[in-house]
Amino acid sequence: MRQALRTKGYQRQVSITQSVPAPIGGWNTRDSLAAMPPEDAVKLDNFFCTTEDVEIRGGQSDYATTITGTVETLATYTGADGTEQFFAATDTDVYDISSAGAASAESLTVTDGKFQWLNMGDGTNEWLLMFNGADAPKYYDGTTWVEVTGATSPALTGVTPTSVISACTYQGRLYLIEKDKLGFWYLPAGVVGGLAAYFDLSPFASLGGYLEWAATWTFDAGDGMDDMIIFMTSEGQVIIYTGIDPSSAARWSRVGTYYLGKPLGRRSYAQFAGDLLAITQEGIFPMSEGVRKATINDRVAVSDKIKKTFNESARNYGNNFGWQVQHYPLKNAMLFNIPVSTTGQVQYVMNTITGAWSRFTKWSAHCWGIYNDELYYGLSTVVQKAWTGRNDDGSNIVAEGQTAWNNFGSSTQTKDMKMFRPMIQTNGAVNYLTDIDVDFRNTAISGVAEYTPASGGVYDTGTYDSATYSGSLNTVLKWTSPDTYPGSYFSGKLKIETNSVDFHWLSNDYVYETGGIIS
């Protein structure tokens, strides 16, 4: 019996769809490109990672103007009633910038604007205390400035006032750091002036050097909260004491000396969440973890995920003025100022809840400060309010991100990427660029997408559940076809340039077809 000729059936290629979260894990320069978590990013500029998405950073605007010289210090005075006043220091004067607009010079004698400052009360007045190691210390009581000498009120005696460059309070006592000394001066408890006594730390600092700064640290050893004072030397040794009176061996004792890495300037520390962060050449360490072992453990550094980039920055720019850490609670952010040059500063920014990192550019900050809970930075002739509005003094904010490389489950099977779609939310018309890189190559971003919202509905006249109301966030899903070739690993890219809209990056969708096994 004759049978029909059998022919081999055509197997249709099936497209596969994969969805990956936006890179809320943040910027990662530690891990291998081929082994990075998919929620991380190899680049994340002018984006900030929240707990739920990645958003474009806020803008900046002029706040205080008509300042002569470069602002090197921003200091906040807090009165007994909680009222704040704000000051900016340059190499020629201190300016009152409590109100926006033209700054008011205080006519103080200043030859160096790089002050270290703190607030302290003496039972009668609340004081702002400022020291720079060159000029007479500046004390402010909310009304009047005192340029402190050995004969003013308050006065400093015992120590040369102009040599004091930093200070801190511990157990109700003021501790003074003298420039180029490996020891500290301390005053009687509860006062901001008087006869200072000297305590030599050189027997406990085997590497020598001088003191950079002192700060308090609260450490829970299991039996309750223990308050300690930290003395950081220029050579990276941390000398820790506990007690209330350095003049009494019974009430003052050394906990130990530890090596943490050379500090990056006199502003290389910050109090945060009951701990003390220290910025060193080795990384950014919480004191509670950094002093537990005899050797430095990079994995306990909060900068661990960006340690390659951070350590390169410390090596290249460590001698530049401008290293500073600034906590910004309103955005759950910690900003680390990196003084690449006198005009080219960048910030490495960490979400304090998730630990995710990103990088901010175009904020040429010499110093940072918080005033009435808002964020400010100083630069030449002006103080800027930061993380405000949607543009940088009218100019566009340019944000660019590139996701971790992803092999979608197989590093040996080729894939042909057909379509790419970042899921975003925005509150206005926006053009943005998307693209995909293949197999660790870095190409210019080229895919264009645009979104124009429908006209905003008028309240009480639009049909419920159908009108688009002006100012609301709208979800945008736009497919683009990347100009790629088959490969094994893929990385999605997104770039936005805007001066008028909010922009949130939620996830990424990929459509691809699989090929054969790579030989």
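With sequence neighbours left out, the side chain to side chain donor-acceptor pair (under 3.5 Å) criterion links W27 to no other residue. Listed by chain and number, the residues in a salt bridge (Lys or Arg N to Asp or Glu O under 4.0 Å) with D392 are R57 (sequence neighbours excluded). Every residue two or more places apart in sequence or in another chain that forms a side chain to side chain donor-acceptor pair (under 3.5 Å) with E147 is listed here: K138. In this view, E106 and W145 satisfy the side chain to side chain donor-acceptor pair (under 3.5 Å) rule, not counting sequence neighbours. For T434, the side chain to side chain donor-acceptor pair (under 3.5 Å) partners are T480, not counting sequence neighbours.
In this structure, a donor-acceptor pair under 3.5 Å is absent between the side chains of Q237 and T257. Between the side chains of S472 and N427, no donor-acceptor pair is found at a separation under 3.5 Å. Looking at D393 and Q384, their side chains do bring a donor and an acceptor atom within 3.5 Å of each other. With hydrogens and angles left out, the side-chain atoms of W213 and S268 include a donor and acceptor closer than 3.5 Å. For the residue pair D227/T218, the side-chain donor-acceptor check at 3.5 Å is satisfied. For T162 and T160, the side-chain atoms include no donor-acceptor pair closer than 3.5 Å. Remark: the T76 side chain and the E84 side chain contain no N/O donor-acceptor pair separated by less than 3.5 Å. For the residue pair N132 and D112, no side-chain donor N or O sits within less than 3.5 Å of a side-chain acceptor on the partner.
Note that CD of E312 and NZ of K307 are 12.5 Å apart. Values are rounded to the nearest 0.5 Å. Distance OG/S507 to CG/D53: 10.5 Å, rounded to 0.5 Å. Atom-to-atom distance recorded for S163:OG and L156:CG is 9.5 Å, nearest 0.5 angstrom. To the nearest 0.5 angstrom, R390 atom CZ is 14.0 Å from S61 atom OG. Annotation: the span from E289 atom CD to L277 atom CG amounts to 11.5 Å, rounded to 0.5 Å. Going from atom CG of N319 over to atom CG of L264 covers 9.0 Å, rounded to the nearest 0.5 Å.
For the ring pair (Phe, Tyr, Trp, His ring centres under 6.0 Å) with Y371, the qualifying choice from Y77, F87, F86, Y377 is F86, the only one to do so. Each of N508, D437, T403 was compared with K493 under the side-chain hydrogen bond (donor to acceptor under 3.5 Å, both in side chains) criterion, and only D437 meets it. Put simply, the residue from E282, E212, E235 that forms a salt bridge (charged side-chain N to carboxylate O under 4.0 Å, His left out) with K262 is E235.
In this structure, the side chains of M232 and P263 come closer than 4.5 Å at one or more pairs of heavy atoms. No side-chain heavy atom of N499 sits under 4.5 Å from any side-chain heavy atom of I397. Proximity of L276 to P286: side-chain heavy atoms (C-beta onward) are nowhere separated by under 4.5 Å. Side-chain contact between L118 and T169 is present, with heavy atoms from C-beta onward closer than 4.5 Å. The shortest distance between side-chain heavy atoms of M287 and L260 falls below 4.5 Å. With a 4.5 Å cut-off on side-chain heavy atoms, P422 and F420 count as touching. The closest side-chain heavy-atom distance from V476 to T426 is below 4.5 Å. Residues V71 and T381 fail the side-chain proximity criterion, which asks for heavy atoms closer than 4.5 Å.
Shown here for T216 and Q271, the closest heavy-atom pair between the two residues is O-NE2, 2.7 Å. Heavy-atom minimum distance, T233 versus A205: CG2-CB, 4.4 Å. Residues N320 and P339 share a closest heavy-atom pair of ND2-O, 2.8 Å. Considering every non-hydrogen atom in both A399 and I56, the closest pair reads CB-CG1, 3.9 Å. Nearest heavy-atom pair across P37 and D31 is CD-OD2, 3.7 Å. Residues V192 and Y139 share a closest heavy-atom pair of O-OH, 2.9 Å.
The environment of NZ in K114 is crowded: more than 12 heavy-atom neighbours from other residues, nucleotides or ligands sit within 6.0 Å. For CG of D81, the number of neighbouring non-hydrogen atoms (other residues, nucleotides, ligands) closer than 6.0 Å is greater than 12.
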| field | ring-ring contact (aromatic ring centres under 6.0 Å, His included) between F336 and W357, intermediate numbers included | value | CA-CA 11 Å; F336 297 85; W357 288 91; 5.5 Å; yes
| message | Could you walk me through whether Y259 and V238 satisfy the side chain to side chain contact (heavy atoms under 4.5 Å, CB included) test, starting with their C-alpha distance in whole Å, then the side-chain angles of each, then the deciding distance to 0.1 Å, before giving a yes or no? | response | CA-CA 6 Å; Y259 182 77; V238 172; over 6 Å; no
| task | May I have the step-by-step check of side chain to side chain contact (heavy atoms under 4.5 Å, CB included) for N119 and W127, ending in yes or no? | result | CA-CA 6 Å; N119 281 263; W127 293 93; over 6 Å; no
| D40/K305 under salt bridge (Lys or Arg N to Asp or Glu O under 4.0 Å): CA gap, chis, key distance, verdict | CA-CA 10 Å; D40 286 0; K305 210 167 189 179; 3.0 Å; yes
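Using cut-offs of 30° and 60° on the angle between ring planes, the pair F231 and Y241 is perpendicular. The aromatic rings of Y186 and F184 sit tilted, their planes meeting at an angle between 30° and 60°. Using bins of under 30°, 30° to 60° and over 60° for the plane-to-plane angle, the ring pair Y489/F440 lands in the tilted bin.
Here the two rings, on W505 and F47, have centers that are under 6.0 Å apart. For W217 and Y269, the ring centers sit 6.0 Å or farther from each other.
Panel note: side chain T280, backbone G283; a donor-acceptor pair is recorded below 3.5 Å.
Salt-bridge annotation for R359 and D45: present, with a side-chain N of the basic residue lying under 4.0 Å from a carboxylate O of the acidic one. Salt bridge absent: K385 and D62 never bring a charged side-chain N and a carboxylate O closer than 4.0 Å.
Residue pairs meeting the side-chain hydrogen bond (donor to acceptor under 3.5 Å, both in side chains) criterion with at least one partner in residues 323-338, sequence neighbours excluded, are E55-K331, Y328-E374, N337-Q347, N337-W368.
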